[in-house]
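A short write-up of the structure that comes next.
Index from 1, following the sequence.
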Amino acid sequence: MDLVLPARLSASCRNSPEATEWLSRLPAVIRELQARWSLTLGSPYDNDELSCAWVAPVTSADGSAAVLKVSMPHFEAMHEIDGLRFWNGDPTVRLIDDDEGFGAMLLERCTPGRHLRGLRQEGEQDAVIAGLLRRLWRSPSAQHPFRPLSSLIARWTVETLTCSAQWSDAWLVREGLSVFDELSRTAKDSVLLATDLHAGNVLEAQREPWLVIDPKPFFGDPAFDATQHLLNCVGRLRADPLGTIQRFAELLGVDPRRVQSWLFARLAAEPRSDWDRDESPRIARALAPS
């Protein structure tokens, strides 16, 4: 059987020579893992949530269902395997086996596996995601491998500064970068963050009603972890930005002012693709420091 490479994954790998090279090696990697772990492969998932990994349902030799995920190497997801080990299924999918060299994970399969995004309205999603985030926020041991959130912010800052010729509002971007720097230095609490938790990364399951997939762990301010879900609620942010932030921050038990500041900085100064160059600055201006 020829190995299927989803169109969205193939398209995203065209953005860099390193990703293109990874994609060219991917079929051989999957075949090696299939043989090593005695897997029968199903057709890979192909949806809007998957652009940086090959993910497919598999069946093990004993008949048990699982998911094989092979991730494209990228900075933000460097410690996904470490994070899944740390959380150990509470409230993430469980890690059955892994190969760090290949960025490969054999994962618990969620059944029925439908995304929270398609099953609940945004207001209902708030409560589910807040409950999951509060469970994820724990402090690892002193010897943990996780990078500080400030390292992610520093990388974003470099990427944004590199594209300064494309800024449509230089004041807004520089203010966002300034807020990024301040927030990175002033967190009172530091916990292990998912950083990319939104309704597309929460699946309906049997072991628990909802399980988290695709964490991108960094160690830092819990208020930051509110932002990814909010960035997926553009309509509510456009209509009532401060009220939307206030309600979600209260569910999380975090300072809404820090959530507002993190969200402002991300909208104003995070590296972004062309599709949101107009929408992000518009909402950022409504959240800008007075």
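- Scanning both residues, Ser51 and Leu9, for their nearest heavy atoms gives O-CD1, 3.5 Å.
- Looking only at distances, no side-chain donor or acceptor of Arg120 sits under 3.5 Å from a matching main-chain atom of Arg117.
- Under the 4.5 Å side-chain heavy-atom criterion for ILVMFWY residues, a single connected hydrophobic cluster contains both Leu149 and Leu136.
- You'll find the side chain of Ser71 reaches within 4.5 Å of the side chain of Glu80, heavy atoms only.
- Counting all heavy atoms, side chain and backbone alike, Ser60 lies closest to Leu39 at OG-CD2, 3.9 Å.
- Using bins of under 30°, 30° to 60° and over 60° for the plane-to-plane angle, the ring pair Trp262/Phe224 lands in the perpendicular bin.
- To the nearest 0.5 Å, atoms OG1 (Thr186) and CZ (Arg258) are separated by 4.0 Å.
- For the atom pair CD1 (Ile213) and CG (Leu203), the distance works out to 4.0 Å, reported to the nearest 0.5 Å.
- Between Leu287 and Leu242, the closest side-chain pair of non-hydrogen atoms falls below 4.5 Å.
- Going from atom CZ of Arg94 over to atom CZ of Arg207 covers 4.0 Å, rounded to the nearest 0.5 Å.
- By the 4.5 Å heavy-atom criterion applied to side chains, Arg135 and Trp87 are not counted as neighbours.
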As a quick check of understanding, evaluate side chain to side chain contact (heavy atoms under 4.5 Å, CB included) for Phe264 and Val259, giving each step before the final call.
CA-CA 8 Å; Phe264 163 74; Val259 176; over 6 Å; no

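- Side-chain contact between Pro145 and His79: present, with at least one pair of heavy atoms (C-beta onward) separated by less than 4.5 Å.
- Between Arg247 and Asp126 no salt bridge is recorded (no basic side-chain N to carboxylate O distance below 4.0 Å).
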Residue pair Leu192, Ser139: steps toward the side chain to side chain contact (heavy atoms under 4.5 Å, CB included) verdict
CA-CA 6 Å; Leu192 192 60; Ser139 296; over 6 Å; no

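- Using a distance-only test at 3.5 Å, with no hydrogens or angles considered, a donor-acceptor pair links the side chain of Asn201 to the main chain of Asp196.
- Phe75 and Phe218 have tilted rings, their planes meeting at an angle from 30° to 60° on a 0 to 90° scale.
- Looking at His74, its side chain never comes within 3.5 Å of a backbone N or O of Glu76 through a donor-acceptor pair.
- Here OG1 of Thr111 is found 5.5 Å from CD of Gln206. Values are rounded to the nearest 0.5 Å.
- Between Ala66 and Arg109 the shortest heavy-atom distance is O-NE, 3.1 Å.
- The same ILVMFWY cluster, assembled from side-chain heavy atoms under 4.5 Å apart, contains both Leu252 and Trp210.
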Determine, stepwise, if the pair Glu100 / Arg85 fulfils salt bridge (Lys or Arg N to Asp or Glu O under 4.0 Å).
CA-CA 12 Å; Glu100 292 192 64; Arg85 288 187 189 130; 3.1 Å; yes

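- If you chain together hydrophobic residues whose side chains sit under 4.5 Å apart, Val212 and Leu84 never meet in one group.
- For the residue pair Thr244 / Arg236, no side-chain donor-acceptor distance below 3.5 Å is found, with atom types taken as modelled.
- Using a 4.0 Å cut-off between a side-chain N of Lys or Arg and a carboxylate O of Asp or Glu, Asp46 and Arg8 do not qualify as a salt bridge.
- Asn15 contributes a side-chain N or O that, together with a main-chain N or O of Ser12, makes up a donor-acceptor pair within less than 3.5 Å.
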Check step by step if salt bridge (Lys or Arg N to Asp or Glu O under 4.0 Å) holds for Arg285 and Asp169.
CA-CA 10 Å; Arg285 291 184 193 101; Asp169 186 331; 3.4 Å; yes

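- Salt-bridge formation is detected for the pair Arg36/Asp99: a Lys NZ or Arg NE/NH1/NH2 atom is positioned less than 4.0 Å from an Asp or Glu carboxylate oxygen.
- A donor and an acceptor atom, one from each side chain of Gln121 and Gln125, are nowhere located under 3.5 Å apart.
- Using a cut-off of 4.0 Å between Lys/Arg side-chain N and Asp/Glu carboxylate O, Arg238 and Glu279 are scored as salt-bridged.
- Here the side chains of Leu95 and Met105 are in contact, with some heavy-atom distance below 4.5 Å.
- Side chain of Ser24 to main chain of Glu21: a donor-acceptor pair is present (N/O by atom type, distance under 3.5 Å, no hydrogens or angles).
- Two residues are said to be in side-chain contact when any heavy atoms from C-beta on lie closer than 4.5 Å; Val29 and Trp22 fail this criterion.
- The backbone N or O of Thr160 sits less than 3.5 Å from a side-chain atom of Trp167, completing a donor-acceptor pair.
- The hydrophobic clustering, which links ILVMFWY residues whose side-chain heavy atoms are closer than 4.5 Å, places Trp37 and Leu26 together.
- Proximity of Leu197 to Leu133: side-chain heavy atoms (C-beta onward) are separated by under 4.5 Å at one or more points.
- Side-chain N/O atoms of Gln260 and Arg257 include no donor and acceptor closer than 3.5 Å.
- For the residue pair Ala284 and Ala268, the shortest heavy atom distance occurs at CB-N, 4.0 Å.
- Side-chain atoms of Trp54 come within 3.5 Å of backbone atoms of Val4 as a donor-acceptor pair (strictly under, hydrogens ignored).
- A continuous path of ILVMFWY side-chain contacts below 4.5 Å connects Leu263 to Leu152, so both sit in one hydrophobic cluster.
- No side-chain heavy atom of Arg155 sits under 4.5 Å from any side-chain heavy atom of Pro271.
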Just do the side chain to side chain contact (heavy atoms under 4.5 Å, CB included) check on His229 and Val128 with the steps written out, would you?
CA-CA 11 Å; His229 171 58; Val128 173; over 6 Å; no

Check step by step if side chain to side chain contact (heavy atoms under 4.5 Å, CB included) holds for Leu23 and Leu5.
CA-CA 9 Å; Leu23 189 68; Leu5 298 176; 4.2 Å; yes

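- Between Asp214 and Lys69, at least one side-chain N (NZ, or NE/NH1/NH2) sits under 4.0 Å from a carboxylate O, which counts as a salt bridge.
- Residue Phe248 holds its CZ atom at 11.0 Å from CD1 of Ile245, rounded to the nearest 0.5 Å.
- Annotation for Arg174: atom CZ does not count as buried by contact number, only 12 or fewer foreign heavy atoms lying within 6.0 Å.
- In this structure, His198 NE2 and His115 NE2 are separated by 8.5 Å, a value rounded to the nearest 0.5 Å.
- The nearest pair of heavy atoms linking Leu41 to Arg31 is CD1-NH1, 3.6 Å.
- At least one test fails for Arg147 against the ring of Phe219: distance under 6.0 Å to the centre or angle within 45° of the axis.
- Of all heavy-atom pairs spanning Gly89 and Glu208, the tightest one is O-OE2, 4.2 Å.
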